[in-house]
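One structure below.
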There are 2 protein chains.
Amino acid sequence: MRVVDVQLGDRSYPIYIGEQLLEQAGRYLEQHGLSKQSPLLIVTDEQVAPLHLGKLEQSLQAAGFRFVTAVVGSGETSKSVAVFEEVMTRAIEGGLDRKSAVIALGGGVVGDLAGFVAGTYMRGIRFIQMPTTVLAHDSSVGGKVAINHRLAKNMIGVFHQPELVLYDLSTLQSLPAREVSAGLAEMVKHGLIWDAEFAYWCLENAERLKALDMEAMGYGLEKGCSIKAIVVSRDERENDLRAILNLGHTIGHAIEAVAGYGEIIHGEAISIGMVGSAMIGEALGAKPGLKDTTSQMLQALGLPTVLPAHLDTDRIMGAMMHDKKFQEGRMTFIVPSAIGVVAIDHNVDYDLVRQTVEQLKKEA
Amino acid sequence: MRVVDVQLGDRSYPIYIGEQLLEQAGRYLEQHGLSKQSPLLIVTDEQVAPLHLGKLEQSLQAAGFRFVTAVVGSGETSKSVAVFEEVMTRAIEGGLDRKSAVIALGGGVVGDLAGFVAGTYMRGIRFIQMPTTVLAHDSSVGGKVAINHRLAKNMIGVFHQPELVLYDLSTLQSLPAREVSAGLAEMVKHGLIWDAEFAYWCLENAERLKALDMEAMGYGLEKGCSIKAIVVSRDERENDLRAILNLGHTIGHAIEAVAGYGEIIHGEAISIGMVGSAMIGEALGAKPGLKDTTSQMLQALGLPTVLPAHLDTDRIMGAMMHDKKFQEGRMTFIVPSAIGVVAIDHNVDYDLVRQTVEQLKKEA
Ligand SMILES: NC(=O)c1ccc[n+]([C@@H]2O[C@H](COP(=O)([O-])OP(=O)(O)OC[C@H]3O[C@@H](n4cnc5c(N)ncnc54)[C@H](O)[C@@H]3O)[C@@H](O)[C@H]2O)c1
Ligand SMILES: NC(=O)c1ccc[n+]([C@@H]2O[C@H](COP(=O)([O-])OP(=O)(O)OC[C@H]3O[C@@H](n4cnc5c(N)ncnc54)[C@H](O)[C@@H]3O)[C@@H](O)[C@H]2O)c1
Ligand SMILES: [Zn+2]
Ligand SMILES: [Zn+2]
């Protein structure tokens with residue numbers, strides 16, 4: 001069993017990483033002082049429910065907890081205002097009170113949705129995450145919870161920290177390979193922004209990670225969570241440092257928006273975006289080879305590093321402008337200068353970004 | 001000009017109370033460091049807009065602020081998920097960013113709705129209140145913002161403090177007399193829970209208050225806000241003390257729910273509820289006369305003190321049970337022992353409450 005302590009003063013919380021944790025969920029909740037009088041709400045999705053919900057429900061039942069469950073559709077469309085309202089209905093009908101907790105059993109979608117419910121039900125109740133994707137190691141640290149507005153992703157949200165994260169590695173066995181790789185993109189990102197040694201470790205252990213070797217995966221998730229926790233604990237409300245977590249995301253979000261959510265999934269889009277960031281880094285003076293090493297790491301993890309040629313460069317630039325706004329032809333970018341070292345550059349040139357997007361269609 | 005400082009550490013803020021403040025709004029926003037680059041969002045309702053929006057917009061324009069405006073329907077139905085989503089659309093289309101602010105121009109409905117938008121847009125942006133009702137002196141202190149779920153009032157919300165409140169007394173001149181009295185119910189409540197002298201002052205100055213004498217109203221709102229600010233600053237997250245602000249609200253909410261929102265408005269319902277609380281106080285040992293003095297104060301302010309006989313006692317009791325749950329026939333109530341002195345009693349008997357509701361139909 002591995003434990004990461006996320007240090008946030010009186011909002012600090014532990015992340016337990018290990019196998020078969022869902023079967024022990026009741027005991028963990030007991031230890032953390034959750035109320036057996038006040039009903040819990042489990043939020044999960046229709047793909048995760050048949051695979052993993054039974055274990056959790058059994059364990060809670062055995063420990064004497066009361067709960068209701070909301071099963072939402074699988075995928076990003078569940079982070080909508082309409083689904084949010086439905087889950088709220090379930091919470092009210094289930095009689096949740098101020099001492100109740102919301103449990104997110106699933107990936108980042110369920111985590112963000114359930115977290116926003118927990119953050120706003122009666123102005124905020126307790127929140128527990130039980131991530132079932134690799135990518136969700138990212139969303140389980142930092143307290144950002146949100147739903148989407150039809151005009152913009154993650155636009156409606158709050159900061160609401162979980163008080164406990166139970167990361168059951170066993171649940172990952174059922175995750176499609178493509179989703180595993182997408183999650184590994186965020187894992188290696190944590191190396192690329194903070195810890196060169198860890199980035200190289202991901203490269204060396206790529207096969208074990210993709211094969212869901214529990215030892216490697218446990219270590220990788222522990223490191224990924226720890227790095228994010230350090231960054232977040234130095235800048236909880238995203239005033240400055242925390243922006244480095246967006247490495248690859250400016251180009252990545254634009255790719256997602258233009259490709260239409262689904263064709264390229266988030267982890268894949270930021271993989272391509274991180275290659276782009278490395279190119280920008282080289283253009284701004286990093287040692288040649290940065291881009292090649294970055295690409296090599298991502299490819300090893302099963303990720304794309306080339307932008308599909310049919311995606312229009314102007315539309316990608318347009319999406320970027322919509323998102324962050326170039327001011328007078330300049331833009332803020334997270335720019336690497338070496339593996340494990342990045343800086344926040346507020347002055348990246350529009351033309352350089354455009355060239356980079358073009359280049360991303362050509363090179364492997 | 002009167003100023004109340006709401007002391008909440010680094011979330012402290014001033015409430016300016018005076019005449020013709022909307023005309024000077026631009027200057028106040030400048031002084032408080034609001035960005036002229038980032039657009040503001042004004043939220044108001046269709047009854048307030050034709051009366052007072054022009055003054056605000058002119059002042060902001062003259063000072064060089066950019067803004068967009070969302071005008072919602074008048075009344076409680078605007079505190080819905082659907083209207084919330086519409087206002088969010090306006091914010092996104094208006095290009096609000098993280099340095100933008102949301103301004104609530106209106107009563108408690110607009111304040112709660114706009115505050116919830118401010119609290120969740122991009123996970124929270126700046127919030128400014130410009131109350132136009134007497135009742136809104138209550139909602140402008142404490143940072144509770146919320147919308148309604150169709151199954152329960154104020155169920156979806158967060159704590160989000162404004163950073164500035166501009167209370168323009170001149171706007172109150174257009175407020176219907178019934179709404180003025182409803183607001184005075186919360187004003188005298190602040191005396192009844194904390195400050196006997198102020199409660200008696202409300203009685204003595206009832207005619208001036210109802211006539212919107214600016215000197216009296218300014219003092220009354222200053223006192224009302226100050227008392228609430230003291231209570232809130234000792235218990236920002238409503239762990240204990242803050243509950244005393246609910247004097248009259250347990251019975252009041254039940255009356256509102258059973259009467260159907262509208263027939264009896266909030267201030268009227270809690271007026272009757274406060275008479276009920278005084279009866280319970282006497283039953284539990286307060287000096288006789290407490291109920292009569294309380295009734296006298298409320299009547300002087302133009303408020304009802306008798307429950308309409310057609311409202312069914314069992315349904316009122318049912319609404320109370322739904323709301324707060326009697327546990328084994330006992331319930332938490334804010335119970336006065338004298339004018340200006342209340343206690344939180346967790347052990348009030350079901351039968352006593354039922355008798356009180358019955359009694360409320362008979363006595364003036
Ligand atoms: N809050 C944050 O800080 C943060 C950080 C990163 C990402 N996110 C959000 O996370 C979301 C993406 O997360 P995700 O990739 O986990 O998405 P997801 O929750 O949609 O999961 C991906 C897919 O895998 C399925 N799935 C989940 N667990 C499974 C399992 N154990 N076995 C089989 N199938 C399983 C899901 O049903 C879904 O179809 C995005 O909405 C993103 O905005 C949030
Ligand atoms: N957040 C809090 O702490 C808190 C505290 C108390 C009440 N509230 C909320 O406040 C709401 C009630 O507030 P309210 O009574 O101000 O309601 P309101 O905002 O609906 O205003 C009452 C009516 O007066 C109209 N109006 C407002 N200002 C006017 C003016 N200057 N001239 C003419 N008409 C005007 C409105 O259009 C409305 O029809 C409730 O939703 C309640 O839940 C919140
Ligand atoms: Zn990401
Ligand atoms: Zn009230």
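Below, read A as the first sequence line, B as the second, and so on, with proteins coming before strands; counting in each chain starts at 1.
- Listed in order of number, the residues of residues 138-147 of chain B that approach chain A to under 4.5 Å between heavy atoms are B:Lys144, B:Val145, B:Ala146.
- By the neighbour-count criterion of 12 heavy atoms within 6.0 Å, atom NZ of B:Lys36 is densely surrounded, having more than that number from other residues, nucleotides or ligands.
- Judged purely by atom type and a 3.5 angstrom limit, A:His32 has no side-chain atom pairing as donor or acceptor with the backbone of A:Leu34.
- To the nearest 0.5 Å, the span separating CD1 on A:Ile92 from CG on B:Leu151 amounts to 5.0 Å.
- Heavy-atom pairs under 4.5 Å with chain B were tallied for A:Met155, A:Arg237, A:Met122; the largest tally goes to A:Met155.
- Counting only heavy atoms from C-beta outward, the side chains of A:Ile344 and A:Ile334 approach each other to under 4.5 Å.
- For B:Asp314, the side chain to side chain donor-acceptor pair (under 3.5 Å) test picks out B:Arg354, with sequence neighbours left out.
- Proximity to chain A involves both the backbone and the side chain of B:Ile156, based on heavy atoms less than 4.5 angstrom apart.
- Judged purely by atom type and a 3.5 angstrom limit, A:Thr69 has no side-chain atom pairing as donor or acceptor with the backbone of A:Ile42.
- Residues B:His346 and B:Arg330 have side chains not in contact (no heavy-atom distance under 4.5 Å, counting atoms from C-beta outward).
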